[in-house]
Amino acid sequence: MAMKTERRRGERVTFERGIPAHMMGIDGTWRRDCTMEDVSETGAKLTVEGSVEGLHLKEFFLLLSSTGLAYRRCELSWVNGDQIGVNFLKQGEKKKKAGKRGSQTTDA
């Protein structure tokens, strides 16, 4: 049956040789080459080239094309040596503060 150590929901596609990709900070201040080892609808496993020490990995972009047209917004899930697990963020998922609740004023 399914391995108990598998934490990801959804079916996973594993690439024999990996898919070259890039990680980039949300603000564009850093970039790292990486290899996408597997992917599912909700996340991926990446092997990162170089150190991830000091990088802001809470939220970043995974660039899947050289033109930057294919990308996913990610958050770090786990780290194991040079491999990391990421969760894909859906559009609007981190924008919960967008609605202004204080816009209605009531006078007593």
Side-chain angles (χ1 to χ4, degrees):
M1 297 284 170
M3 292 174 38
K4 293 183 182 189
T5 57
E6 177 59 36
R7 293 172 276 179
R8 187 174 311 146
R9 301 176 301 267
E11 285 192 40
R12 176 196 308 211
V13 176
T14 302
F15 305 107
E16 191 173 316
R17 293 192 178 98
I19 303 294
H22 304 280
M23 299 164 51
M24 185 178 75
I26 293 293
D27 59 1
T29 57
W30 61 268
R31 187 172 171 140
R32 288 287 182 285
D33 291 333
C34 65
T35 303
M36 187 166 52
E37 305 295 342
D38 68 42
V39 67
S40 74
E41 188 176 329
T42 58
K45 178 167 67 173
L46 309 174
T47 300
V48 183
E49 295 181 25
S51 175
V52 294
E53 217 173 304
L55 299 180
H56 185 68
L57 292 174
K58 181 167 175 57
E59 207 173 316
F60 61 93
F61 290 113
L62 176 62
L63 307 174
L64 301 169
S65 73
S66 59
T67 60
L69 294 176
Y71 65 92
R72 294 299 299 262
R73 194 170 187 134
C74 301
E75 68 179 354
L76 182 66
S77 176
W78 54 266
V79 178
N80 185 4
D82 66 345
Q83 290 192 326
I84 64 171
V86 299
N87 294 319
F88 296 143
L89 298 173
K90 293 183 176 69
Q91 196 166 8
E93 203 168 84
K94 287 286 182 177
K95 297 180 181 175
K96 294 176 183 169
K97 296 179 183 176
K100 293 185 179 181
R101 300 172 76 186
S103 62
Q104 297 175 342
T105 57
T106 56
D107 293 323

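Residues take their numbers from the sequence shown, with the count starting at 1.
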Mind checking whether [X] and [Y] have side chains closer than 4.5 Å, heavy atoms only?
X	Y	value
Phe60	Val86	yes
Met36	Lys45	no
Leu46	Met23	yes

Taking all heavy atoms of [X] and all of [Y], pick out the closest pair and write down the distance.
X	Y	answer
Ala70	Ser65	N-OG, 3.3 Å
Leu57	Trp30	CD2-CH2, 3.7 Å
Leu63	Met24	CD1-CB, 4.0 Å
Leu62	Cys34	CD1-SG, 3.8 Å
Glu59	Ile26	O-CG1, 3.2 Å

If you round to the nearest 0.5 Å, how far is [atom2] of [Y] from [atom1] of [X]?
X	Y	atom1	atom2	result
Leu89	Cys74	CG	SG	7.0 Å
Arg72	Phe88	CZ	CZ	5.0 Å
Leu76	Leu55	CG	CG	10.5 Å
Ile84	Trp78	CD1	CH2	8.0 Å
Asn87	Thr42	CG	OG1	6.5 Å

Counting distance only, does the side-chain N/O of Arg32 pair as donor-acceptor with the main-chain N or O of Ser51 below 3.5 Å?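 The answer is yes, because a donor-acceptor pair under 3.5 Å joins these two groups.
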
Exercise for review: Ignoring hydrogens and angles, tell me if any N or O in the side chain of Thr35 forms a donor-acceptor pair with the backbone of Glu37 under 3.5 Å.
Suggested key: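 No; judged by distance alone, with no hydrogens or angles, the pair does not exist.
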
Could you label the plane-to-plane angle of the Tyr71 and Phe61 rings as parallel, tilted or perpendicular, counting under 30° as parallel and over 60° as perpendicular?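 The arrangement is perpendicular - the two ring planes meet at more than 60°.
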
Requested in this report: State whether Glu75 and Lys58 are salt-bridged, where the test is any N-O pair (Lys NZ or Arg NE/NH1/NH2 against Asp/Glu carboxylate O) under 4.0 Å.
Outcome: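 Salt bridge absent between Glu75 and Lys58.
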
